[in-house]
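Structure first, then comments.
Lettering of chains follows the sequences in order, A, B, ..., and the numbering in each one begins at 1.
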Amino acid sequence: MSRKIYPDAASALAGITFDGMTVMSGGFGLCGIPENLIVALRDSGAKNLTVIGNNVGCDHHGMWLVLANNQIKKVLASYVGENKILEQRYMSGEIEIEFNPQGTLAERIRAGGAGIPAFYTRTGYGTKVAEGKETRQFPNPDGTLDWYVMETGLTADISLVKAWKADTEGNLVYRKTARNFNPMIATAGRITIAEVEEIVQPGELDPNQIHTPGIFVQRLVKGTNYVKHIERVTTRPRATEGGNQ
Amino acid sequence: MSRKIYPDAASALAGITFDGMTVMSGGFGLCGIPENLIVALRDSGAKNLTVIGNNVGCDHHGMWLVLANNQIKKVLASYVGENKILEQRYMSGEIEIEFNPQGTLAERIRAGGAGIPAFYTRTGYGTKVAEGKETRQFPNPDGTLDWYVMETGLTADISLVKAWKADTEGNLVYRKTARNFNPMIATAGRITIAEVEEIVQPGELDPNQIHTPGIFVQRLVKGTNYVKHIERVTTRPRATEGGNQ
Amino acid sequence: MAWTRDEMAARAAKELRDGYYVNLGIGIPTLVANMIPDGMTVTLQSENGMLGMGPFPYEGEQDADLINAGKQTITELPQTSYFSSADSFGMIRGGHIQLSILGGMQVSEKGDLANWMVPGKMIKGMGGAMDLVAGVPRVVVVMDHREKGGDSKFKKACSLPLTGKGVVDLLITDLAVFEIDRRGGGAVLTEMAPGVTLDELRQATEADFRVALQG
Amino acid sequence: MAWTRDEMAARAAKELRDGYYVNLGIGIPTLVANMIPDGMTVTLQSENGMLGMGPFPYEGEQDADLINAGKQTITELPQTSYFSSADSFGMIRGGHIQLSILGGMQVSEKGDLANWMVPGKMIKGMGGAMDLVAGVPRVVVVMDHREKGGDSKFKKACSLPLTGKGVVDLLITDLAVFEIDRRGGGAVLTEMAPGVTLDELRQATEADFRVALQG
């Protein structure tokens, strides 16, 4: 039952990385990223990677580590701000970026995992995003027609995801907005590796409340030393205790 | 906060049913069907309905009640066995049935709710299901080509779903395999009505574990007198207590 | 002597591998659930939205909210997870289920399968069968070799409406086992039931096949 | 006298309706969250996977697993639900969010919006903006009326690459409010900031518009 569990992130990636592979990585900004697996990916030294994810880390954090180590050839993302090295290499032509609308990217990954080779979306019609893509009209419920763009499914050689808890079967539960792209990315990898904060025994997670069934997780590792860097700490002052007394 | 709650199924359907409307209804066989709302739909008397769901009830149960009351003109389903009236009316041409592969039906409903007008699936290629539909090839990851069928999204005038628990905001949680088609159907109705076994206050459901966010639920009712008829009770004998002593 | 239903299921069970996620159809394939070898972990999927299907409940403990795709009451296991039908068929269509074992009315030597309708009879619907054969990378069909009238069900081309085109990898009948190339490379006889002769099998079979009997 | 940022946000807040589910963009639209009228229930969506966005946390109570689409730490409410990015954009694309209020670089009299890239400058990406304007049935753009150099940002046609074509229903600038017909029926001036004259507005505006000032 525990054959999916690896002792650490490096061993979870051992023997399956290769130059030129496509890697998907979960997270929105630095929220819900597989911190340990990203470090292991950097240490693997695999080069010419195509990296798919909503972002590519930000300065000194997350997938930036792999970028700074010159391992990335191409990126599919919806937003790549706050990342100076990526900016330089994109402007110089060293790295190719395919910008995808966030919802289109999420849906393309879901489609890839769900055996849907292509679908249509209104998103991006009439914009640069639609250039070179098939467009066509479909009827609305009221009979009027709207234009749509065909988008294709995405899969990866390796998917890296971060969850909150797993059982030893690889059933995953995410926490709050750290869920984001992780559930779809888990379905779209030929090999999916999950890192989690806690591994429990089967039966300890409510079967009614599994976010990612274990069928999608081939390898599982308990992460360590989570940084969980926050890009923008925004708070409000606490009302003075006993204020108006 | 409780403006979504109606006192009973009849009032939840009042004023929104009309002849010729399209109704989706959740459930797999009789598991997870909106029992109270189906009775209210029958009592509404709305005719010439197009009914979309995995099944159309079975003899004397579920959507069969609406069928037996001569309200259904057309059915989209994946399986309609164990339903003599439907069989008769289909063979006599009184009722039209569009058979959909179960996964295609589920995906068409999800697509309809998610603003996807059409998608491609390998399911049904080369079969009657693909007749009259666009087919085309897409590449596999290994470069070989496979044939796919284009399927369109489905929406409904009214969606009827059954959940286990709701909070007053309409956030829903389903129970075990009674989930089935309900989550997608909840997203695909112009008006979605949910019936549940229990309504709790906001905060009583774990926000990390909501199956259907309240945004999809316009009307909510607590069901009564659940029958939960089982089509095939299959059991194993209990080992004799103290057997080998 | 033809194989019994249990023997056919036992042969199908030999297709299981440790760690597999498997979908079993109604009928003989259901029997395979009881034939998982000791020490092998096989997780059963039920396409109505469950992974980790357990045995029938004890009498009186049936739960109307917990059924399999055959609408039978079942139980959950510690590793069970539930999900929607859309997620279930995403799993199936996306190729995540390693093996599907299901029944058939006709199989062709090109791997076509017919198992959902007979023209002129009431059509009940294909349920999830079309999705399973289109999405699962290895599809095993278990069926009788002949109709009750004696006609071969393993054919050059199916005469009944198809469930899928080029979708069957292995055919297990009461008389023999055939490997089939989905891409049109033809069928190969690999095993025969004890006492069945090659001549008898050729008589009973419309499909063309090569012979490469094992051990 | 031009409206302030707060006044522009307050005008945008008048678009809220009781029971609405709303997505607010970064910048001035964010201010709208603090201007929901008392007694009105408005649920805020954050496209990274949350409905029911609460205020910023108290100092020291920030949670790295709980951020909004602007990557700011936030809090949950009793009615909050979390979901995946695919489900979030299914909600958006499927038309379930009633209102989106977002910033803009240029808007055209046909309702085209440009707000994601300037040729020659580093492109950060469109994030979820293209999905929001394509999917949400009512889109309100809040932006300055003119560039810092004085050029009109409300144009006959956008010169910058588009975020969406025919997607804006209402434009709120620091000088005026315009209703726009997505289907090409043109723009209508409905309100002006106090002290702004129609002549001044025409001077400051490249787009054609009809005038139907309210009250």
Side-chain angles (χ1 to χ4, degrees), chain A residues 28-32 54-55 58 77-83 86-87 90-91 97 99-107 109-111 121-129 144 147 164 174-184 211 226-239, chain D residues 46-50 53 55-76 80 82-93 112-114 116-117 120-135 161-167 183:
Chain A
F28 180 88
L30 299 177
C31 180
N54 191 54
N55 318 89
C58 67
S78 90
Y79 185 83
V80 299
E82 292 78 63
N83 195 323
L86 184 59
E87 182 166 347
Y90 176 57
M91 297 305 263
I97 304 180
F99 286 101
N100 282 252
Q102 195 173 140
T104 296
L105 185 64
E107 189 67 14
I109 297 169
R110 180 196 176 271
T121 174
R122 196 181 291 136
T123 302
Y125 176 74
T127 76
K128 275 186 183 299
V129 162
T144 59
W147 284 96
W164 181 28
Y174 306 96
R175 185 168 176 274
K176 303 184 187 271
T177 58
R179 191 181 320 183
N180 56 65
F181 276 72
N182 283 295
M184 297 80 75
H211 294 137
Y226 280 105
V227 176
K228 290 195 179 184
H229 183 81
I230 299 176
E231 290 183 64
R232 293 180 195 160
V233 177
T234 46
T235 58
R236 58 187 155 139
R238 197 178 293 273
Chain D
S46 191
E47 65 264 30
N48 54 320
M50 182 186 198
M53 191 166 37
F56 293 154
Y58 290 122
E59 288 166 14
E61 293 187 359
Q62 61 270 18
D63 180 340
D65 291 339
L66 181 42
I67 65 171
N68 65 17
K71 291 160 193 167
Q72 299 172 313
T73 48
I74 49 166
T75 55
E76 67 184 29
T80 292
Y82 300 105
F83 34 83
S84 73
S85 299
D87 286 348
S88 180
F89 284 93
M91 209 174 268
I92 289 168
R93 221 177 21 234
D112 299 345
L113 170 67
W116 76 285
M117 74 173 279
K121 288 200 182 175
M122 174 61 194
I123 309 168
K124 293 188 172 185
M126 68 292 281
M130 284 193 182
D131 306 281
L132 281 160
V133 300
L162 296 186
T163 305
K165 198 174 167 62
V167 295
R183 300 261 170 190

Within the 4.5 Å heavy-atom criterion, are A:Thr121 and A:Glu107 side-chain neighbours or not?
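Heavy-atom side-chain distance check fails, nothing below 4.5 Å.
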
Gap between atom OG1 of A:Thr127 and atom CE of D:Met130 - 0.5 Å precision:
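If we round to the nearest 0.5 Å, D:Met130:CE and A:Thr127:OG1 are 3.5 Å apart.
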
What's the separation between atom CD1 in A:Ile97 and atom OH in A:Tyr90, rounded to the nearest 0.5 Å?
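Going from CD1 on A:Ile97 over to OH on A:Tyr90, the span is 5.5 Å.
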
Angle class for the D:Trp116/A:Phe99 ring planes (parallel below 30°, perpendicular above 60°, tilted otherwise)?
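Perpendicular: the ring planes of D:Trp116 and A:Phe99 meet at over 60°.
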
Quick one: of [options], who has the most non-hydrogen atom pairs under 4.5 Å with chain A?
options: D:Met122, D:Lys165, D:Glu47; answer: D:Met122
options: D:Gly49, D:Gly70, D:Ala86; answer: D:Ala86
options: D:Ile67, D:Leu66, D:Asp87; answer: D:Ile67
options: D:Thr80, D:Asn48, D:Leu162, D:Thr75; answer: D:Asn48
options: D:Ser46, D:Gly128, D:Gly164, D:Gly90; answer: D:Gly128

Give, as side chain, backbone, both or neither, the part of A:Pro237 having an atom under 4.5 angstrom from any heavy atom of chain D.
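Contact with chain D: backbone and side chain both.
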
For A:Asn100, which atoms come within 4.5 Å of any heavy atom of chain D: side chain, backbone, both, or neither?
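Contact with chain D involves the backbone of A:Asn100 alone.
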
Heavy-atom proximity to chain A below 4.5 Å, by part of [X]:
X: D:Glu61; value: side chain
X: D:Leu132; value: neither
X: D:Asn68; value: backbone
X: D:Ala69; value: both
X: D:Thr163; value: backbone

Step by step, work out the side chain to side chain contact (heavy atoms under 4.5 Å, CB included) result for A:Gln102 and D:Phe89.
CA-CA 8 Å; A:Gln102 195 173 140; D:Phe89 284 93; 3.5 Å; yes

Within the distance-only criterion (no hydrogens, no angle test), does the side chain of [X] pair as donor or acceptor with the backbone N or O of [Y] below 3.5 angstrom?
X: A:Thr234; Y: D:Thr73; result: yes
X: A:Asn180; Y: A:Gly32; result: no
X: A:Trp147; Y: A:Arg122; result: no

Option in A:Arg232, A:His229, A:His211 with maximal non-hydrogen atom pairs under 4.5 Å from chain D:
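So the answer, after comparing A:Arg232, A:His229, A:His211, is A:Arg232.
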
Count the heavy-atom pairs under 4.5 Å between each of A:Arg110, A:Glu231, A:Glu87 and chain D, then report the option with the highest count.
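Maximum pair count with chain D is reached by A:Glu87.
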
For residues D:Asp63 and D:Asp65, report the shortest heavy-atom separation together with the two atoms involved.
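Distance-wise, the nearest heavy atoms are OD1-N, 2.8 Å.
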
